[in-house]
Protein chains: 2
Amino acid sequence: MTLRQLEFLLAIAHRGSFTRAALDLHISQPALSTQLRLLEEELGCRLFERLPRGVQLTAEGRSFLPEAEAVIAAAERAQRLLSSVSEGDGGLLRVGTVLSLSIGVLPVPLANLRRQHPDLSVELVEYEHRDSLEQGVSDGHCDVAVGPRPADWYGHVETLGWEEFVVVVAPDDPLAKSEGPVDLRLFADRNWVLFSQRQGLSPFVHAACARAGFAPRGRLRTSQVSAAARLAASGAGPAMVPSNVLEPGFAGVALRLQEPVRRELAVFSRDAAPGPLLLTFIEALRSAKNHMLLVVAP
Amino acid sequence: MTLRQLEFLLAIAHRGSFTRAALDLHISQPALSTQLRLLEEELGCRLFERLPRGVQLTAEGRSFLPEAEAVIAAAERAQRLLSSVSEGDGGLLRVGTVLSLSIGVLPVPLANLRRQHPDLSVELVEYEHRDSLEQGVSDGHCDVAVGPRPADWYGHVETLGWEEFVVVVAPDDPLAKSEGPVDLRLFADRNWVLFSQRQGLSPFVHAACARAGFAPRGRLRTSQVSAAARLAASGAGPAMVPSNVLEPGFAGVALRLQEPVRRELAVFSRDAAPGPLLLTFIEALRSAKNHMLLVVAP
DNA sequence: GTCGCCCATAGGTTGTGACTATGACTCTGA
DNA sequence: TCAGAGTCATAGTCACAACCTATGGGCGAC
């Protein structure tokens, strides 16, 4: 049984004649005869009654017809969906990212994507650490990743920009009124709001402080970036967070650093040549570059 | 796009490997490679990512997979249904008949059919007259007919039996206490309960009376056999009806006739060689022959 | 470094599907 | 009654599609 044979069946049933159905299908009448005979032989019963003037469905054929229509309809649905998928307009994309980016960076491009390609579903797969993100892409748990640019990557990589880290303090902090960028070393003796060990930002913050010549002490740890920012804003101590996670009306004070702490962000995937769905997504990222609170060049 | 290619796609997705899927499908690995390549070319995008160790669905392939499964599932459903249809176990049969038979004769075989083939639906198409029944079969409005045996018929015909007509009178009728068959001429001067012109039994009753040498007068006409019987039972005048329409606890008195009035009943269809569905139905009729209140031999 | 696993390609063979031509049949109209 | 138009089925032929075997290339494992 083939899709083609079922289409033939429908055409004949619709027109009530082999000859006319053959015209519709742009094939010869004998070809249609043969194919229907094959179908009838495979199914084990006649589907049409041959009359002197055209043909008519048998009881068996009439019973089978709705099922045949269902198969053809399903096939057409599948083809429609895939043609939209192959134009990057539909389907499902599993986007891997790290926790902080799904708050600070992704909302804008995802909103654009929703608007421009309403039939394209996105499943966010959030990882705590850049390593597990890369692993997740490699293992096929997600189709594309947005995160810190991997050191060396076998597939497609494309830099999106650099996110800048700021130190968040409470409005009544002694350094809150500083004009311009501050020196990170001023916070060396403070009690920091730090990230929990498993959070990917934790080693990053420690490395930044180490470059400034100290190791941050902390009494408070959280795995959530936005929690760290809010805790710092309420006086729990300084916290280093990406500037893009701070909302416009944020209650704390964000201090830029004299020695900027930056992280290169990229979109990357297993495939060296991304397919249409990935391209659509990557395009959405590109066109939102200037609205993602990233530094475009270091 | 063919059903076969979709099956290939599912097998590969399921096994995660061309080689293993080819083993499952009992084809060679290159054949599978080629077919999938053709499918991908037709659809316009890669469905699998080729990895050193097997393959993995792309985002496009993963989006398409559920649709492909739906198509295959619909095809399997269709095949299952048709295999049950070709064994006469399912589907829809349109049974044409005349009004009186759907009351008196068909209930028993239809009940048997329901019991033995629960998935087989029957649509009763009732005609007022044997001529329109024959026309209905010829025109394809029903698949098979149960009714008075046609004079000459081009398709399959099979006699079911002879229904015998009785004269129904009220219990207080002068002739109600007659022992044995009565002479139809005794009712020549009565006011009959007759059938309306369009009812198929009307000419039949008139012909029977004509054979007995009189033309029945009537003050009351109905198109329904059971109404005629009840009216007669309540004293409206004699009525000639098939004996099989009288229920066991019927209130009137049914008188058999010395010159029996009988009508040959048959099942017939357009097709000279009935298909499985018709055969199932005809078989149900045959096996109910002795329970349909028919005379088996004239 | 060699071996094994996996997918892709090439070349050859088989089989299927389509076409043209024709036949059998029925209904229609002269 | 017979010719013609219309229907579907069959036969013969051809092209292409699908498959198989053999082989190549890439990658990881031992």
Side-chain angles (χ1 to χ4, degrees), chain A residues 1-43 45-58 61 135 138-140 152-155 270-273, chain B residues 1-9 11-43 45-58 61 135 138-140 152-155 270-273 275:
Chain A
M1 196 170 83
T2 70
L3 284 175
R4 194 163 172 73
Q5 287 173 335
L6 295 182
E7 280 165 6
F8 287 3
L9 166 64
L10 296 192
I12 300 171
H14 180 241
R15 300 297 247 115
S17 152
F18 277 58
T19 309
R20 273 167 290 174
L23 287 175
D24 287 2
L25 294 165
H26 302 109
I27 59 167
S28 71
Q29 169 265 314
L32 193 55
S33 267
T34 309
Q35 284 307 309
L36 196 86
R37 183 173 51 77
L38 290 178
L39 182 63
E40 286 178 331
E41 280 170 6
E42 179 184 346
L43 300 176
C45 62
R46 299 225 109 180
L47 297 172
F48 289 99
E49 209 177 319
R50 274 69 166 178
L51 302 174
R53 212 81 181 166
V55 295
Q56 201 167 38
L57 281 167
T58 62
Q135 193 63 46
S138 293
D139 293 350
D152 59 329
W153 187 252
Y154 48 90
R270 271 191 310 283
D271 249 333
Chain B
M1 195 171 86
T2 69
L3 284 175
R4 193 161 174 74
Q5 286 172 335
L6 294 182
E7 280 166 5
F8 287 2
L9 166 64
I12 300 171
H14 180 240
R15 299 296 246 117
S17 151
F18 278 58
T19 308
R20 271 167 292 175
L23 287 175
D24 287 1
L25 294 165
H26 301 108
I27 58 168
S28 72
Q29 169 265 315
L32 193 54
S33 268
T34 309
Q35 285 306 309
L36 196 85
R37 183 173 51 78
L38 290 178
L39 183 63
E40 286 178 330
E41 280 170 7
E42 179 184 346
L43 300 176
C45 63
R46 299 225 109 178
L47 297 171
F48 288 99
E49 210 176 322
R50 275 67 167 180
L51 301 174
R53 211 81 180 168
V55 295
Q56 201 168 36
L57 282 167
T58 62
Q135 193 63 45
S138 292
D139 292 352
D152 59 329
W153 188 251
Y154 48 88
R270 272 190 311 282
D271 250 334

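Letters A, B, ... mirror the listed sequences (proteins, then strands); counts begin at 1.
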Next on the checklist: What contact category does A/Ser28 fall into here, base, sugar-phosphate, or nothing, at under 4.0 angstrom with non-hydrogen atoms?
Outcome noted: base

Next on the checklist: If the cut-off is 4.0 Å, is A/Arg37 near the phosphate of C/dT16, judged by side-chain N/O to OP1 or OP2?
Outcome noted: no

Item to check | From C/dC19, C/dC6, C/dG17, nucleotide with atom closest to A/Leu38 side chain | outcome: C/dG17

Next on the checklist: Tell me the interatomic distance from B/Leu32, atom CG, to D/dA18, atom C1', rounded to whole angstroms.
Outcome noted: 12 Å

Checklist entry - Which one, C/dT26, D/dT7, D/dA22, comes nearest to the side chain of B/Pro30? => result D/dA22

Checklist entry - How many Å lie between CG on A/Leu25 and P on C/dG17, as a whole number? => result 15 Å

Next on the checklist: In this structure, how many angstroms lie between the P atom of D/dC8 and the CD atom of A/Gln56, rounded?
Outcome noted: 13 Å

Checklist entry - What nucleic acid atoms does B/Thr34 come within less than 4.0 Å of, heavy atoms only: base, sugar-phosphate, or nothing? => result nothing

Item to check | Interatomic distance, A/Phe8 CZ vs C/dT16 C1' [rounded to whole Å] | outcome: 13 Å

Checklist entry - Which residue, A/Arg4 or A/Pro52, contacts DNA chain C at a nucleotide closer to its 5' end, judged by nearest heavy atom? => result A/Arg4

Next on the checklist: Which nucleotide wins on minimum distance to the side chain of B/Ser17, given the candidates C/dA18, C/dC7, D/dC8?
Outcome noted: C/dC7

Checklist entry - Within a strict 4.5 Å, meaning less than it, do heavy atoms of the A/Thr2 and B/Thr2 side chains meet? => result no

Next on the checklist: Side chains of B/Leu39 and B/Phe8, heavy atoms from C-beta outward: is any pair under 4.5 Å?
Outcome noted: no

Checklist entry - Tell me: CZ of B/Arg50 to C1' of D/dC27, nearest whole Å? => result 16 Å

Checklist outcome for this item: Rounded to whole Å, CD1 of A/Ile27 lies from P of C/dT16 at a distance of 18 Å

Next on the checklist: Is there a side-chain contact between A/Gln29 and A/Leu32 in this structure, where contact means two heavy atoms from C-beta onward sitting under 4.5 Å apart?
Outcome noted: no

Next on the checklist: Heavy atoms from C-beta onward define the side chain here; which of C/dC7, C/dA18, D/dC8 lies closest to that of A/Gln35?
Outcome noted: C/dA18

Next on the checklist: So B/Leu51, base contact, sugar-phosphate only, or nothing? Heavy-atom distance under 4.0 Å.
Outcome noted: nothing

Checklist outcome for this item: B/Leu39 atom CG is separated from D/dA17 atom P, nearest whole Å, by 15 Å

Item to check | B/Ile27 side chain reached by B/Arg4 side chain, heavy atoms, under 4.5 Å | outcome: yes

Item to check | Rounded distance in Å - NE2 (B/His26) to C1' (D/dA18) | outcome: 18 Å

Checklist entry - Does A/Ser33 place a side-chain N or O at less than 4.0 Å from the phosphate oxygens OP1/OP2 of D/dA9? => result yes

Next on the checklist: Heavy atoms only, 4.0 Å cut-off, all strands: where does B/Gln29 land among base, sugar-phosphate and nothing?
Outcome noted: base

Checklist entry - Quick one: is A/Thr19 getting a side-chain N or O under 4.0 Å of the D/dC8 phosphate, OP1 or OP2? => result yes

Checklist entry - Can any side-chain N or O of A/Glu7 pair as donor or acceptor with the backbone N or O of A/Leu25 at less than 3.5 Å? => result no

